[in-house]
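All values reported here derive from a predicted model rather than from experimental measurement. Proteins get letters first, then strands, A, B, ... in listed order; numbering begins at 1 in each.
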2 protein chains.
Amino acid sequence: MGVRKVKAAETEAALKAAAIRVFAERGYLNTKITDITAAAGRATGSFYQHFASKEELLQALRADMREQASEAFADEAPGGPPHDLTDPGQLRAHLAVAWAVMRSNRATQGALFESAVAAGPASGELWEQLVTDTAMYREHLEYLGEQQHTLPGDPVLIAAAMGGIMSMLAYALRPGYSDFSDDEVIDAMTALLLHGLAGPGGVLPG
Amino acid sequence: MGVRKVKAAETEAALKAAAIRVFAERGYLNTKITDITAAAGRATGSFYQHFASKEELLQALRADMREQASEAFADEAPGGPPHDLTDPGQLRAHLAVAWAVMRSNRATQGALFESAVAAGPASGELWEQLVTDTAMYREHLEYLGEQQHTLPGDPVLIAAAMGGIMSMLAYALRPGYSDFSDDEVIDAMTALLLHGLAGPGGVLPG
DNA sequence: GTCTATATACAGATAGAC
DNA sequence: GTCTATCTGTATATAGAC
């Protein structure tokens with residue numbers, strides 16, 4: 001790689017890193033291109049040498065996150081059969097990995113969320129994102145269905161609900177104005193999604 | 001009331017109605033003040049005679065919705081004791097009313113959601129909105145806790161999760177690119193929140 | 001490739017006639 | 001109170017020198 005390309009790659013990396021920092025502070029929608037370039041110590045014009053728009057930069061960050069996510073889930077279940085989401089340990093492990101990925105990519109995750117919401121309800125972007133991101137849940141639920149297990153509802157809908165609540169909490173829950181630990185959130189969501197409000201006892205005493 | 005005040009009230013109502021229409025089409029963040037005035041058949045300048053900003057108009061719409069919501073819930077349980085959310089019928093009724101209010105105020109509900117998200121993660125607005133809107137769930141859960149019922153987690157967190165999933169779905173789920181009926185959604189969420197993925201049977205066979 | 005300087009575009013808000 | 005016309009601020013994107 002020539003020295004020129006190295007410099008370019010450096011700048012691109014600097015812009016991405018700066019974007020992550022400033023997205024975390026002000027949020028995606030509230031940051032201007034110039035906020036990113038300033039935080040990266042570059043000139044405004046340099047931005048467009050690497051990205052056509054803020055949206056395109058976000059897609060690059062999304063690709064990075066996807067890569068990290070698939071690695072994290074590959075570590076969890078290396079090529080094995082689908083998880084049984086009604087097994088407490090497996091459900092918890094799954095939620096814990098998903099939560100860890102979302103939290104370590106807080107800024108990117110939040111930016112994608114903001115972008116999808118800003119597109120408006122009629123665009124369907126948020127629903128599309130929800131369905132895409134929960135494809136793994138959906139598959140596991142469909143597997144359960146094949147095993148004659150009765151599901152609470154359509155696998156697509158249930159999967160979207162599960163993923164939706166996780167990403168909603170990951171976005172809304174910030175240190176400072178609420179003090180739930182990661183473990184507390186994971187435990188609570190595991191219990192809620194596994195046995196619901198009724199608890200592990202099944203049907204309540206009449 | 002003088003004729004002048006009548007005209008003013010008419011214009012204000014026209015602006016609110018127009019805002020609801022255009023929010024539903026383009027979303028809150030994507031609509032300009034001029035979109036609203038145009039849809040209402042008024043001049044741009046007239047807007048500021050009634051609202052200082054788009055945000056203030058939204059607060060007015062929120063007040064209208066709150067009023068409607070409290071009526072709906074009052075009809076459901078007129079002055080009675082707190083609901084038992086582990087009772088299938090009561091949980092379903094509760095979710096059904098919440099869903100009906102959100103759907104019949106789709107545009108306002110969506111606009112509030114967009115506004116809270118656009119404020120950025122660091123603002124805490126989305127969390128605040130979530131906690132405020134789920135105060136009723138929280139109280140019911142705390143009541144269950146007092147009855148020695150074991151909850152999946154902190155009432156504030158569980159309530160936020162319940163409300164979060166409902167408003168997320170209400171925003172993301174639109175006719176056209178997904179075809180779940182209201183009943184299907186309510187049934188699925190009732191089942192999920194009541195008994196989780198494991199189902200009403202309680203602990204699964206080993 | 002990176003920089004400075006500038007052009008373009010548009011939403012928000014106001015001024016003043018009616 | 002409502003209108004038309006306009007001003008202001010600001011974010012995006014480009015042009016051209018280095």
Proximal nucleotide (of [options]) relative to the [X] side chain:
{"X": "A/Y48", "options": "D/dT14, C/dT2, D/dC3", "result": "D/dT14"}
{"X": "A/K32", "options": "C/dA11, C/dT2, D/dT12", "result": "D/dT12"}
{"X": "A/Q49", "options": "C/dG12, C/dG1, D/dA13", "result": "C/dG1"}
{"X": "A/A8", "options": "C/dG1, C/dC3, D/dA13", "result": "C/dG1"}
{"X": "A/R42", "options": "D/dT12, D/dT2, C/dC3", "result": "C/dC3"}
{"X": "B/T44", "options": "D/dT12, C/dA13, D/dT2", "result": "C/dA13"}
{"X": "B/A43", "options": "D/dT14, D/dC3, C/dC3", "result": "D/dC3"}

Can you check the [X] [atom1] to [N] [atom2] distance for me, whole Å?
{"X": "B/L57", "N": "C/dA13", "atom1": "CG", "atom2": "P", "value": "13 Å"}
{"X": "B/E10", "N": "D/dG1", "atom1": "CD", "atom2": "P", "value": "13 Å"}
{"X": "B/E56", "N": "C/dG12", "atom1": "CD", "atom2": "P", "value": "15 Å"}
{"X": "B/F47", "N": "C/dG12", "atom1": "CZ", "atom2": "P", "value": "9 Å"}
{"X": "A/I36", "N": "D/dA11", "atom1": "CD1", "atom2": "P", "value": "13 Å"}
{"X": "A/N30", "N": "D/dT10", "atom1": "CG", "atom2": "P", "value": "14 Å"}
{"X": "B/F51", "N": "C/dG12", "atom1": "CZ", "atom2": "P", "value": "15 Å"}
{"X": "B/E12", "N": "D/dT2", "atom1": "CD", "atom2": "C1'", "value": "15 Å"}

**Message:** Within the 3.5 Å criterion, strictly below it, is a donor on B/Q129 or B/E125 matched to an acceptor on the partner's side chain?
**Reply:** no
**Item:** Residues B/Q68 and B/S104: side-chain donor-acceptor under 3.5 angstrom
**Value:** yes
Please tell me if [X] has a side-chain N or O lying less than 4.0 Å from either OP1 or OP2 of [N].
{"X": "B/T11", "N": "D/dG1", "value": "no"}
{"X": "B/H50", "N": "D/dG1", "value": "no"}
{"X": "A/S46", "N": "C/dC3", "value": "yes"}

**Request:** Give a yes or no on whether a salt bridge exists between A/R92 and A/D87, defined as a side-chain N under 4.0 angstrom from a carboxylate O.
**Result:** no
**Prompt:** Taking it one step at a time, do B/Y143 and B/H149 satisfy ring pair (Phe, Tyr, Trp, His ring centres under 6.0 Å)?
**Reply:** CA-CA 9 Å; B/Y143 173 76; B/H149 184 87; over 10 Å; no
**Message:** Which label fits A/H94 and A/H140: parallel for a plane angle under 30°, tilted from 30 to 60°, or perpendicular past 60°?
**Reply:** perpendicular
